[in-house]
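Quick notes on the structure that follows.
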2 protein chains.
Amino acid sequence: MGVIRKTKAVEVLLNEFSTGSVAISAKALIEQLGEMFNKTTIYRVLDKLEDDGVLHSFLGKDGLKWYAKCNGCTSKEHKDVHPHFQCLQCGKVDCLPVHVSLPEIPNRKIEISQLLIQGKCEACFV
Amino acid sequence: MGVIRKTKAVEVLLNEFSTGSVAISAKALIEQLGEMFNKTTIYRVLDKLEDDGVLHSFLGKDGLKWYAKCNGCTSKEHKDVHPHFQCLQCGKVDCLPVHVSLPEIPNRKIEISQLLIQGKCEACFV
DNA sequence: TTTGTTAATGCAACAAAGTTGCGTTATATT
DNA sequence: AATATAACGCAACTTTGTTGCATTAACAAA
């Protein structure tokens, strides 16, 4: 991806992801920032930040697109692979900093994998 | 779920899943059967078959809904948990009859998990 | 500081997947 | 055969996300 300009939208969006490993859906960002920026802009900035290795995206349980900060990724390589956890009670989604060993699958080449775990998060877990 | 009547649509749709562990997307079914049945009917029959434990559904890489036959499930319990494999070359999706051990996650309760593996299937793998 | 290039933006219109309401049809029970 | 109601078709709608294009604003160079 080409040069990225430090526009207001980039600044504000990046700031949304400044805290830790919590993921935010594009939908939520539009609800939250949609009066400040057009939704097209929000989608495009997220796209670009993902291409640049700043964010990574994945699909939540309803097929909504979620974004979270990347760790150690570049525009050439997304090496930040991990499962995501979506709380069925409060809806919160975050990145799990653990490694998952995939099963052996003969005669197939694994290129990408995504694991979404659903249940109750720390806060909702009694 | 209530009684299910053996209508033409149910019969034809069930027949589509008669062969093995291949998954079919709702979109593909509509493209294929959309002249015979209204898409609403197709969505509703798939829904019902899933509720009855005959089919299970999951989301593919683009957020499309895919369906495949269940093994040993009832309307009360979906016990047929396994990863799915989507070929990035030919697009085929199928169920992997393997068990995946999830990581330990303290203070959370895992209720559902879905693992989508992408890569090259047996046919596309050279 | 001004100028010029072009990335980034806003807007409106669109696209695709799936859902809803409702009047009609057909399955299966009596 | 009559009846109750599940299933259906149709049209209109919803939601998430995308595209085209004219306008604006970063930022580098003069």
Side-chain angles (χ1 to χ4, degrees), chain A residues 1-17 23-68 75 84 86 91 93 114 116, chain B residues 1-17 23-68 75 84 86 91 93 114 116:
Chain A
M1 275 293 99
V3 192
I4 193 163
R5 295 182 178 176
K6 280 178 191 164
T7 64
K8 194 87 188 169
V10 170
E11 184 193 325
V12 170
L13 275 168
L14 271 182
N15 188 51
E16 291 292 317
F17 291 96
I24 315 177
S25 67
K27 182 190 174 192
L29 287 166
I30 288 166
E31 283 168 357
Q32 200 173 325
L33 307 172
E35 299 210 356
M36 202 178 322
F37 307 106
N38 189 276
K39 66 173 178 173
T40 311
T41 300
I42 295 174
Y43 280 119
R44 287 197 275 227
V45 170
L46 291 171
D47 246 32
K48 179 145 293 186
L49 290 173
E50 184 175 18
D51 278 339
D52 285 356
V54 179
L55 301 177
H56 64 278
S57 76
F58 57 94
L59 300 181
K61 71 182 176 72
D62 304 311
L64 290 198
K65 207 166 185 182
W66 293 72
Y67 289 86
S75 58
H84 295 99
Q86 183 159 25
V93 176
Q114 44 193 280
L116 180 68
Chain B
M1 271 293 99
V3 193
I4 193 164
R5 294 184 179 175
K6 279 178 192 161
T7 63
K8 195 86 189 169
V10 170
E11 183 193 324
V12 170
L13 274 167
L14 270 183
N15 188 51
E16 290 292 317
F17 291 97
I24 315 178
S25 66
K27 184 190 173 191
L29 287 166
I30 289 165
E31 283 168 357
Q32 200 175 324
L33 307 172
E35 299 210 357
M36 201 179 320
F37 307 106
N38 189 275
K39 66 174 178 173
T40 310
T41 300
I42 295 175
Y43 281 120
R44 287 197 275 226
V45 170
L46 291 171
D47 247 31
K48 178 145 292 186
L49 290 174
E50 184 175 18
D51 278 340
D52 285 356
V54 180
L55 300 179
H56 64 278
S57 77
F58 57 94
L59 300 180
K61 70 181 177 73
D62 305 311
L64 291 199
K65 207 164 186 183
W66 292 74
Y67 289 86
S75 57
H84 296 98
Q86 182 159 25
V93 176
Q114 44 192 280
L116 180 68

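Reminder, nothing fancy here: chain letters follow the sequence lines and each chain counts from 1.
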**Prompt:** Nearest 0.5 Å, what's the OG1-NZ distance between Thr7(A) and Lys48(A)?
**Reply:** 10.0 Å
**Asked** Distance from Leu55(A) atom CG to Tyr67(A) atom OH, nearest 0.5 Å?
**Response** 8.0 Å
**Message:** Going by side chain to side chain donor-acceptor pair (under 3.5 Å), name the residues that satisfy it together with Gln86(B), two or more places apart in sequence or in a different chain.
**Reply:** none
**Message:** If the condition is side chain to side chain donor-acceptor pair (under 3.5 Å), which residues does Ser57(A) pass it with, not counting sequence neighbours?
**Reply:** Glu50(A)
What is the distance, to the nearest angstrom, from the [atom1] atom on [X] to the [atom2] atom on [N]?
X: Asn38(B); N: dA11(D); atom1: CG; atom2: C1'; result: 10 Å
X: Tyr67(A); N: dT16(D); atom1: OH; atom2: P; result: 14 Å
X: Ile42(B); N: dA7(D); atom1: CD1; atom2: P; result: 16 Å
X: Leu46(A); N: dT18(D); atom1: CG; atom2: P; result: 10 Å
X: Asp62(A); N: dT14(D); atom1: CG; atom2: C1'; result: 15 Å
X: Glu11(A); N: dA8(C); atom1: CD; atom2: C1'; result: 15 Å
X: Phe37(B); N: dT25(C); atom1: CZ; atom2: P; result: 17 Å
X: Lys48(A); N: dT18(D); atom1: NZ; atom2: P; result: 15 Å

**Asked** Does Gln114(A) have any side chain to side chain contact (heavy atoms under 4.5 Å, CB included) partners at least two apart in sequence or in another chain, and if so, which?
**Response** Leu116(B), Gln118(B)
Side-chain donor-acceptor pairs of residues 28-42 of chain B under 3.5 Å, sequence neighbours excluded:
{"from": "Gln32(B)", "atom 1": "NE2", "to": "Glu16(B)", "atom 2": "OE1", "distance (Å)": "2.9"}
{"from": "Gln32(B)", "atom 1": "NE2", "to": "Glu16(B)", "atom 2": "OE2", "distance (Å)": "3.4"}
{"from": "Asn38(B)", "atom 1": "OD1", "to": "Thr40(B)", "atom 2": "N", "distance (Å)": "2.9"}
{"from": "Asn38(B)", "atom 1": "OD1", "to": "Thr40(B)", "atom 2": "OG1", "distance (Å)": "2.9"}

**Request:** State, with a plain yes or no, whether a side-chain heavy atom of Phe58(B) is found less than 4.5 Å away from one of Val93(B).
**Result:** yes
**Flag side-chain contact, heavy atom, 4.5 Å: Ile4(B) against Leu49(B)** = yes
**Nucleic acid footprint by protein, nucleotides 20-30 of chain D - heavy-atom cut-off 4.0 Å, B for base, S for sugar-phosphate alone** = B----BBS---
**Considering all heavy atoms, the nearest Val10(B)-Arg5(B) contact** = CG2-O, 3.7 Å
Using a cutoff of under 3.5 Å, can you pull out all pairs of nitrogen or oxygen atoms linking the protein to nucleotides 14-17 of chain C, with atom names and distances?
{"from": "dA17(C)", "atom 1": "OP1", "to": "Lys27(B)", "atom 2": "NZ", "distance (Å)": "3.1"}

